[in-house]
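The block underneath contains the structure these notes are about, expressed in structure tokens.
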Amino acid sequence: MSSTSPSNYLLSWEALPAVPVYMEQLLAIVNQTIQPLGLPAVTKTMINSYVKQHFFSRPTGHRYTRNHIVAVLVVSILKVDFSLPVISKAILQIRDSRQIEWRYQQFREAFEQTLTNQPIVVVNNDAVTRAIQLAAQTVAAHLLTIRALDKLGE
């Protein structure tokens, strides 16, 4: 599995484990991804809470799939700027659409394009795509603002 780099903040779908992983592996993947962004670490308690709140389905045999990993990554990033009820509504709609891989890729691209000051390319301007892009841009802009303010204090 590849790691994140300055031009690749979030793991691509293909870089995520193809076989289900246990909780400790899930935590390692998520925390290694969000730590360079300055986001707080995800804990086992948080994962269990997300399951109870129906952000994603219960793992099968204590093993988490790519869909689970992506949900935890996106929730961890979005909660910088959005409430859990708002995030839950979006996650459930995407999960029910059965387009998790495609929607994650849209989120990833918009998030990384914003962080690297690249224009967002809108290929499909449906309401869900636009909401995903705006949410990703919002959090990325927030993180860029924090970085800029931190540099002022140096």
Side-chain angles (χ1 to χ4, degrees), residues 1-116 120 124 126-147:
M1 179 179 61
S2 66
S3 60
T4 57
S5 67
S7 61
N8 190 19
Y9 293 95
L10 300 180
L11 296 167
S12 68
W13 184 266
E14 296 77 23
L16 295 167
V19 296
V21 299
Y22 290 103
M23 173 73 78
E24 294 307 316
Q25 295 165 302
L26 169 77
L27 290 171
I29 293 164
V30 170
N31 288 328
Q32 288 171 7
T33 302
I34 66 173
Q35 184 272 331
L37 298 169
L39 300 177
V42 174
T43 65
K44 184 177 180 177
T45 302
M46 294 163 80
I47 302 289
N48 290 332
S49 174
Y50 297 158
V51 171
K52 287 179 185 173
Q53 294 178 53
H54 305 288
F55 280 100
F56 46 83
S57 60
R58 293 195 179 280
T60 303
H62 301 287
R63 296 183 67 148
Y64 297 84
T65 65
R66 285 179 174 168
N67 290 353
H68 292 110
I69 297 168
V70 164
V72 175
L73 276 171
V74 172
V75 170
S76 301
I77 292 167
L78 289 177
K79 61 183 213 180
V80 168
D81 287 291
F82 298 96
S83 68
L84 288 177
V86 168
I87 297 168
S88 176
K89 182 178 177 184
I91 293 281
L92 290 174
Q93 183 170 355
I94 290 168
R95 187 185 73 191
D96 292 346
S97 76
R98 305 240 186 262
Q99 298 177 328
I100 296 168
E101 179 180 351
W102 182 51
R103 296 304 188 179
Y104 172 69
Q105 190 59 29
Q106 289 177 324
F107 178 86
R108 179 178 176 259
E109 287 173 4
F111 186 74
E112 292 187 1
Q113 287 168 342
T114 302
L115 285 176
T116 57
I120 305 282
N124 179 354
D126 65 276
V128 176
T129 298
R130 192 70 188 129
I132 288 169
Q133 290 175 328
L134 288 170
Q137 288 176 291
T138 298
V139 178
H142 179 124
L143 295 174
L144 289 173
T145 302
I146 298 299
R147 287 183 191 164

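Judged as a side chain to side chain donor-acceptor pair (under 3.5 Å), not a single pair has a partner in residues 17-31 (not counting sequence neighbours).
I132 pairs with exactly one of R108, Q137, R103, E109 by the side chain to side chain contact (heavy atoms under 4.5 Å, CB included) rule, that one being R103.
Nearest heavy atom pair, residue V72 against residue S76, reads O-OG, 2.7 Å. The minimum heavy-atom distance linking A140 with L115 is given by the pair O-CD2, 3.6 Å.
Shown here is R58, whose CZ atom has no more than 12 heavy atoms of other residues, nucleotides or ligands within 6.0 Å.
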Practice task
Any chance you could lay out the side-chain contact (heavy atoms from CB on, under 4.5 Å) test for W13 and I100, step after step, and finish with the verdict?
Solution key: CA-CA 10 Å; W13 184 266; I100 296 168; 4.1 Å; yes
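Interatomic distance, OG1 of T114 versus OH of Y9, reported as 11.0 Å (0.5 Å rounding). Separating the OG1 atom in T138 from the CG atom in L143 is a distance of 11.0 Å, to the nearest 0.5 Å. Here the straight-line distance linking atom CG of L16 with atom CD1 of I69 works out to 5.5 Å at 0.5 Å rounding. Rounding to the nearest 0.5 Å gives a distance of 9.5 Å between CE of M23 and NE2 of H62. Atom CD1 of I146 is separated from atom NE2 of H142 by 4.0 Å, given to the nearest 0.5 angstrom.
I87 places a side-chain heavy atom less than 4.5 Å from the side chain of L84. A 4.5 Å side-chain heavy-atom check between T60 and P20 finds every atom pair outside the cut-off.
Side chains of H68 and T65: a donor-acceptor N/O pair is present below 3.5 angstrom, by distance only. No hydrogens or angles considered: nothing links the side chains of Q105 and E101 as a donor-acceptor pair under 3.5 Å.
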Show which side-chain atoms of residues 35-49 pair as donor or acceptor with protein atoms under 3.5 Å away, not counting sequence neighbours.
residue : atom : partner : partner atom : Å
T43     : OG1  : M46     : N            : 3.2
N48     : ND2  : K44     : O            : 3.4
S49     : OG   : Q53     : NE2          : 2.7

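F111 meets the ring-ring contact (aromatic ring centres under 6.0 Å, His included) test with F107; sequence neighbours excluded.
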